[in-house]
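Everything on this sheet refers to the single structure shown next.
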Amino acid sequence: MPLGDRGGDKSEARFCGVETEFSDDIPEVITFNLSTGKFDFVVAPLTDPSYRPSLVPKNSFGSAAPPFAGSDLVLSPSQWSSHVVGKISSWIDLDSEDETVRIDSETTLRQELAWASHLSLQACLLPAPKGSTCANYARCVNQILQDLSNMQLWLRIPLVLHDDDVTSTDSNSATLVDSWETWNSFRLLCEHHSQLSVALDILSTLPSANSLGRWFGESVRAAIVNTDSFLTNGRGYPCLSKRHQMLITRFFNYNIQIIISGNSGHAKASVGVVDSRSGADSQRHPLRPYLEYVGHLYQKLDPLPEQERFELGYRDYLQSPLQPLMDNLEARTYETFEKDAMKYIQYQRAVSKAMLDMIPDNEASVKTLVLMVVGAGRGPLVRASLQASEETGRKLKVYAVEKNPNAVVTLHALVRLEGWEDTVTIVSCDMRYWNAPEKADILVSELLGSFGDNELSPECLDGAQRFLKPGGISIPSSYTSFIQPVTASKLYNDVKAHKDISHFETAYVVKIHNAARLAPCQSVFTFTHPKPADDRESNERYKKLHFTLPNDTGSAMVHGFAGYFDATLYKDVHLGIEPLTATPNMFSWFSIFFPLRTPICVKPGSKLEVDFWRCCGPKKVWYEWCVTSPSPSPIHNSNGRSYWPLLITVRSRKRLNLR
């Protein structure tokens, strides 16, 4: 049964499995562990551990079947699929120097995975690589993956940093070997195959927080928690250390299933148990208290906030950024943005502060400010500005400029409904080509994209600046883009699935979830509005950035860069999604993701050097990016060949997208 109910959580992390020993009575294993133990699935060996192909009599003429754990008929197909994860024989060593062992291992691996596929199992657990090399193991797994339909292969990796056995007269010369390196070598040899995942073995000691953090960007599907990792509380029951509790809780939030492994090591856990393995005479499953403790940790989780429940469907889902200058947005897209109350609260605060600064109290009754909302959409910024006028007691005349003729229809209806006819003038025109009848005191726009300038706010506001009075105020007054390197295996595999270069040279809007943020954000490009009259600066930009990973992180794979923005609306009123300063409870923007065609492995202490360009042409604007250290990558999107926001208005397009 699931660990519990949590509002909005329908992930596989609600389920907990148990690792079992070999038994040729699979129905009894299922009954004991699922009915008595209340686990959700078992990780069970598929073959008798004593089986070796080389020991099968040569005169059997191929008629002898491997000693599998029962016929496929002992369970229904749905039971095999939903209740059993196959455990590949742990003795196999495909890189053994002993040829007999190596050949036996290859044969057994192929036989067991073929049997698992026949049973329609959803996943199989592969044993951890043995020794310092895994090339032949990875080769065989990669061959099998090419013909595998839907089954996932979970490679067991111990979550440890251990001393490598080095023969040396200096006792201090032992070097730390990172188990992530084993996974990375195996994954690279298998070409980042999307059906190859990780099952982390959680032991009694844990690496540093930074080292652990890398794994949340990898394709981790399960965490195997050994009973040796549990402590004993004052009542004699199993419990986990604070660090282990935090780790397990994090696993829940990343859709990682928990598997309990090992024998009961706590007195209270074994009360009433006669036979812990067969269950024939057991009154209670020996590992039930461990399951109950994991369930307790799950049930302690706070319900998912409303915003996170809204965003669940967008997690790690790649979308092309909006191009509102090129495309006319549809009604449901406007509706999504208009529900973001926090954004408009911030705009209202900014307009209020600007109005108070421009009109002193003694002139409030006689002076009227001209405010232009450029890119008015269906009117939420118009409403926020008029609310600011009412709040401050300042008079306001509003021009609502909008190029989308469909949104203009809604604007007219809104003005009539609210009785704003004497205050609001609607202009159906592209702001860059409109000839304003008078100059504005305040220019309000909401043209920001996930990377700040990626929806061409600089180009739009440069065109609109001509009808702002000298000394007039632009809201926003400035915005800055930021990037940081990330491990994001799922995003990389989703891009790779397209099998072309152009998708690797496209920036995607995405609610990044399964990712490891490897270094703090750094600023990239800044734009300020209005530009000084004598400022002829181009909107092209170039920035070189240097990132350093914390020393205790270990090596890490960079699959690309997460991008954000932070905008100053007016003075101390800001709006943004940069993680350290992000505006709370705001969902209009997700981050942007710049992928790398070939992921870059960064070693401990190495610097990551990145170059970003913003390029402008007569009809389009585009980004180019590359890595130059520790190893150079190709320059992505050269001359805007794959991805570019257009500077021209083209057509309407239906798309639900969060910037």
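Since this is a predicted model, take the numbers as computed values, not measurements. The basis for the numbers below is simple: all heavy atoms, side chains too, and nothing from hydrogens, waters or symmetry mates.
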Just by distance, with hydrogens left out, do [X] and [Y] show a side-chain donor and acceptor under 3.5 Å apart?
{"X": "Ser241", "Y": "His244", "value": "yes"}
{"X": "Gln484", "Y": "Tyr564", "value": "yes"}
{"X": "Asp72", "Y": "His118", "value": "yes"}
{"X": "Arg110", "Y": "Thr107", "value": "no"}
{"X": "Gln111", "Y": "Tyr51", "value": "yes"}
{"X": "Asn142", "Y": "Arg139", "value": "no"}
{"X": "Thr487", "Y": "Glu218", "value": "no"}
{"X": "Asp93", "Y": "Ser105", "value": "no"}
{"X": "Asn210", "Y": "Ser208", "value": "no"}

For Ser96 and Asp98, what are the C-alpha separation, side-chain angles and deciding distance, and is it a side chain to side chain donor-acceptor pair (under 3.5 Å)?
CA-CA 5 Å; Ser96 172; Asp98 186 317; 5.4 Å; no

Show the nearest heavy-atom pair for residues [X] and [Y], with the distance to one decimal.
{"X": "Arg156", "Y": "Leu125", "answer": "NH1-CD2, 3.6 Å"}
{"X": "Gly213", "Y": "Ala516", "answer": "O-CB, 3.2 Å"}
{"X": "Thr336", "Y": "Phe310", "answer": "CG2-CZ, 4.0 Å"}
{"X": "Ser264", "Y": "Leu287", "answer": "N-CD2, 3.8 Å"}
{"X": "Met557", "Y": "Pro599", "answer": "SD-CB, 3.4 Å"}

Would you call Arg315 and Glu311 a salt bridge, taking side-chain N to carboxylate O under 4.0 Å as the test?
no

Lys/Arg-Asp/Glu bridge criterion (N-O < 4.0 Å) met for Lys603, Glu181:
yes

Classify the ring geometry of Phe504 against Tyr492: parallel below 30°, tilted from 30° to 60°, perpendicular beyond 60°.
tilted

Give the ring-plane orientation class for His192 versus His559, where under 30° counts as parallel, over 60° as perpendicular and anything between as tilted.
perpendicular

May I ask you to decide if [Y]'s main-chain N or O and [X]'s side chain share a donor-acceptor pair within less than 3.5 Å?
{"X": "Asn226", "Y": "Gly262", "result": "no"}
{"X": "Asp104", "Y": "Ser54", "result": "yes"}
{"X": "His193", "Y": "Gln195", "result": "yes"}
{"X": "Arg243", "Y": "Leu240", "result": "no"}
{"X": "Glu106", "Y": "Asn136", "result": "no"}
{"X": "Ser229", "Y": "Val225", "result": "no"}
{"X": "Glu112", "Y": "Leu109", "result": "no"}
{"X": "Arg214", "Y": "Thr553", "result": "yes"}
{"X": "Ser76", "Y": "Gln79", "result": "yes"}
{"X": "Thr249", "Y": "Leu297", "result": "no"}

Do [X] and [Y] have their ring centres less than 6.0 Å from each other?
{"X": "Tyr254", "Y": "Phe216", "value": "yes"}
{"X": "Phe15", "Y": "Phe41", "value": "no"}
{"X": "Phe39", "Y": "His285", "value": "yes"}
{"X": "Phe593", "Y": "Phe561", "value": "no"}

Got a sec: does the [atom1] of [X] have more than 12 other heavy atoms crowding it under 6.0 Å?
{"X": "Glu306", "atom1": "CD", "answer": "no"}
{"X": "Tyr317", "atom1": "OH", "answer": "no"}
{"X": "Asn150", "atom1": "CG", "answer": "no"}
{"X": "Gln146", "atom1": "CD", "answer": "yes"}

Test item: [X] and [Y] side chains (from C-beta on) under 4.5 Å apart, heavy atoms:
{"X": "Glu28", "Y": "Ser23", "value": "no"}
{"X": "Leu159", "Y": "Asp201", "value": "no"}
{"X": "Ser179", "Y": "Ile157", "value": "yes"}
{"X": "Val509", "Y": "Ser450", "value": "yes"}
{"X": "Asp95", "Y": "Pro129", "value": "no"}
{"X": "Ile512", "Y": "Leu491", "value": "yes"}
{"X": "Pro27", "Y": "Asp25", "value": "yes"}
{"X": "Ile260", "Y": "Cys16", "value": "yes"}

Verdict with reasoning, Thr36 to Arg284, per side chain to side chain contact (heavy atoms under 4.5 Å, CB included):
CA-CA 7 Å; Thr36 303; Arg284 177 175 164 87; 6.0 Å; no

Look up atom [atom1] in [X] and atom [atom2] in [Y], then write down how far apart they are to the nearest 0.5 Å.
{"X": "Asp316", "Y": "Ser489", "atom1": "CG", "atom2": "OG", "answer": "10.5 Å"}
{"X": "Ile224", "Y": "Gln257", "atom1": "CD1", "atom2": "CD", "answer": "11.5 Å"}
{"X": "Leu155", "Y": "Thr182", "atom1": "CG", "atom2": "OG1", "answer": "9.0 Å"}
{"X": "Ser194", "Y": "Leu145", "atom1": "OG", "atom2": "CG", "answer": "8.5 Å"}
{"X": "Leu153", "Y": "Arg221", "atom1": "CG", "atom2": "CZ", "answer": "11.0 Å"}
{"X": "Ile577", "Y": "Ile592", "atom1": "CD1", "atom2": "CD1", "answer": "8.5 Å"}

Arg250 to Trp215, cation-pi by 6.0 Å centre distance and 45° axis angle:
no

Tyr237 and Tyr293: ring-ring contact (aromatic ring centres under 6.0 Å, His included), yes or no, with the steps?
CA-CA 9 Å; Tyr237 287 98; Tyr293 182 78; over 10 Å; no

Residues passing the ring-ring contact (aromatic ring centres under 6.0 Å, His included) test with Tyr137, sequence neighbours excluded, are Phe186

What do the steps show when you test Thr20 against Val43 for side chain to side chain contact (heavy atoms under 4.5 Å, CB included), and what is the final call?
CA-CA 6 Å; Thr20 69; Val43 181; over 6 Å; no

